[in-house]
2 protein chains.
Amino acid sequence: MKKQSARQLLLDATFEEVYTYGYAATSVDRILKKASVPKGSMYHYFGSKKALVLAMVEERLFPKMDEFFHFEKHKGCTVYESFRNTFAAMSRNRPLIEHGCPLYRLMVELSPVDKDFDKLLIEKYNQMHKGIAMLLKQGIDEKEFDESLDYLAFAAFMLSSVWGILSLSPSLSSPKVFISQSRFLLDELNRYRIY
Amino acid sequence: MKKQSARQLLLDATFEEVYTYGYAATSVDRILKKASVPKGSMYHYFGSKKALVLAMVEERLFPKMDEFFHFEKHKGCTVYESFRNTFAAMSRNRPLIEHGCPLYRLMVELSPVDKDFDKLLIEKYNQMHKGIAMLLKQGIDEKEFDESLDYLAFAAFMLSSVWGILSLSPSLSSPKVFISQSRFLLDELNRYRIY
DNA sequence: TTAGTATTAGACTTTTTAGTCTAGTGAAAG
DNA sequence: CTTTCACTAGACTAAAAAGTCTAATACTAA
C-alpha cells in the first residue's frame, strides 16, 4: 500500500514536531519539509493544520501511549508487582523520561483553549484511568488490597502524579528521579496490601 | 509613580494572556490591546516579546506562586497540619484549580525548547523544592516524622504530584478532585509520623 | 490503450506575526 | 520659559503563518 505513504510520513513528522515544540509553535511548513511532502498532498489528506494534528493524536499519539503505559496484570505477578514492573519499564524509556508524556503535554497546552482537542484527549484519559482503576479493583477482589482503597481516586492520583513527574523540565528529569519519585506511589499502594 | 504605569499594565496583561494561551499562542498585539498601551511603549520598556515574558515571569508569575504555594509551618500547627491547611487553601483557590499552575504550564511548554526560560523557571522550582524539603526536615528534627523519610525526594514528589493534579484538563479539575487526590499525599506523609 | 480518479507540485494569496521608525507629547529641571 | 528626555503614538516593514489554486502526473480499472 504505497498509496498511504505521504499520509503516514505526514503523521510521523507531525508527531515529532508537536512532541518537541507543542501545537502552537509547530508550523505546517516545517512538517512538510521534515516529511518531504508537498503542501498539496497535505491539504489533500487533511483539511487543516488542526485536522492533521487531531489525526496524528489518534493514529500516532494514542498508540504510543499504549506502548508507554501498560497497565495490565503481568503473568505470575501480583497487581502491586505489575505496577512496579510498569514503572521500572517507564524509567528505562528514554524519550518518555526526556520529553515527558506527549498526551499530557498536549492536554496542558490545548485542553483549556480548544474543546475538540480537550474532548479527544479526555477520551484517552478516561480509558487509561479506567484501566488503572480496574487493575486496582482486581487487586481488591483478589484480596491483595484492602477494601478501604478508593481505587477510582487512587487511579486518578497515579495518573496525575506520573504525568507530573514525567513532564517536569528535562533538566530535572532522569531515570533515577523517576524511580525515586514513583516509589512513593508504590509505597502508598503498599499501605493497602493485605499480608 | 505614574511613570511605570504602562509597564505595569503590560506585565498584567502579559500574565493573563500567557496564563490562558501559553507563550507561543500569545501575540504582542493582543497584549497591547488588552493593556491599552501602544507598541512604542512596549518596545521602549522591553526589547522583545521574550524579554517581556521573562520580566512578567519574575515580576508577576513568581509572586503569584508565593501566593498559591505557602509552605511554612503554620502557627500552633504541626508540619503535617500545615501541609493539610495549605492544600485546603489551594483547593479553594479558583484560578489555580481552573487554570492550573502557571509556572508548571510554562515549564511544560518552554523548558524543553528555551534554555533562558528553563533556567529561570528551574530557579523557582529549586526554591520551592527547598522550602518544602526544609519544612519536612523540620518535622524530622522535631520528632514529628521518622528519620526514614527521604525529605528531599518526598518534597520533589509532592511538587510533581501537585502540579500534575492542578494542570490536568479543566474538565477534569475541581476543588473536590484536588482534595481527593492530594489526600493521598497527606496519607503518604502520615506514614512517617511518630505518635 | 485509455478514461477517470487520486495524488503531487509549488507558486500564490491573505493574514498575522514580531519588530522598526520617526514624529510628537508632556512633565520636570534649569 | 525653555530645554531636555522619557515616553507615546501608530503607521510601516519584513518574515512567516495557514491555506488556496491550477496544472501536471501517476495510478487503476475497463
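Chain letters run A, B, ... following the sequence lines, proteins first, then strands; residues in each count from 1. It should be emphasised that the depicted structure is a prediction, and the values quoted were computed from it without experimental measurement.
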DNA chain D contacts among residues 11-24 of chain A, heavy-atom distance under 4.0 Å
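None, since no heavy atom is under 4.0 Å.
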
I want to check one thing: is the phosphate of C:dT16, taken as OP1 and OP2, less than 4.0 Å away from some side-chain N or O of B:Ser27?
no

Closest non-hydrogen atoms of B:His99 and B:Arg105, given as atom of the first, atom of the second and distance, are O-NH1, 3.1 Å

Using the test side-chain contact (heavy atoms from CB on, under 4.5 Å), find all partners of [X] that sit at least two apart in sequence or belong to another chain.
{"X": "B:Ser91", "result": "B:Phe178, B:Ile179"}
{"X": "B:Arg84", "result": "B:Tyr80, B:Glu81, B:Leu186"}
{"X": "B:Ser36", "result": "none"}
{"X": "B:Gln181", "result": "A:Ala156, A:Phe157, A:Ser160, B:Ile165, B:Leu168, B:Val177"}

Residues in side chain to side chain donor-acceptor pair (under 3.5 Å) contact with [X], at least two apart in sequence or another chain:
{"X": "A:Lys49", "value": "none"}
{"X": "A:Lys39", "value": "A:Asp29"}
{"X": "B:Lys64", "value": "none"}
{"X": "B:Thr20", "value": "none"}

Return the set of residues passing ring pair (Phe, Tyr, Trp, His ring centres under 6.0 Å) with B:His70 (not counting sequence neighbours), or none when no residue passes.
none

Angle between the end axes of the helix from C:dT1-D:dA30 to C:dT13-D:dA18, five pairs per end, to the nearest 10 degrees?
20°

Provide a list of protein-nucleic acid N or O atom pairs under 3.5 angstrom, restricted to nucleotides 19-22 of chain C.
{"unit_1": "C:dG19", "atom_1": "OP2", "unit_2": "B:Tyr43", "atom_2": "OH", "d": "3.2"}
{"unit_1": "C:dG19", "atom_1": "OP2", "unit_2": "B:Lys49", "atom_2": "N", "d": "2.8"}
{"unit_1": "C:dG19", "atom_1": "N7", "unit_2": "B:Lys39", "atom_2": "NZ", "d": "3.0"}
{"unit_1": "C:dG19", "atom_1": "O6", "unit_2": "B:Lys39", "atom_2": "NZ", "d": "2.9"}

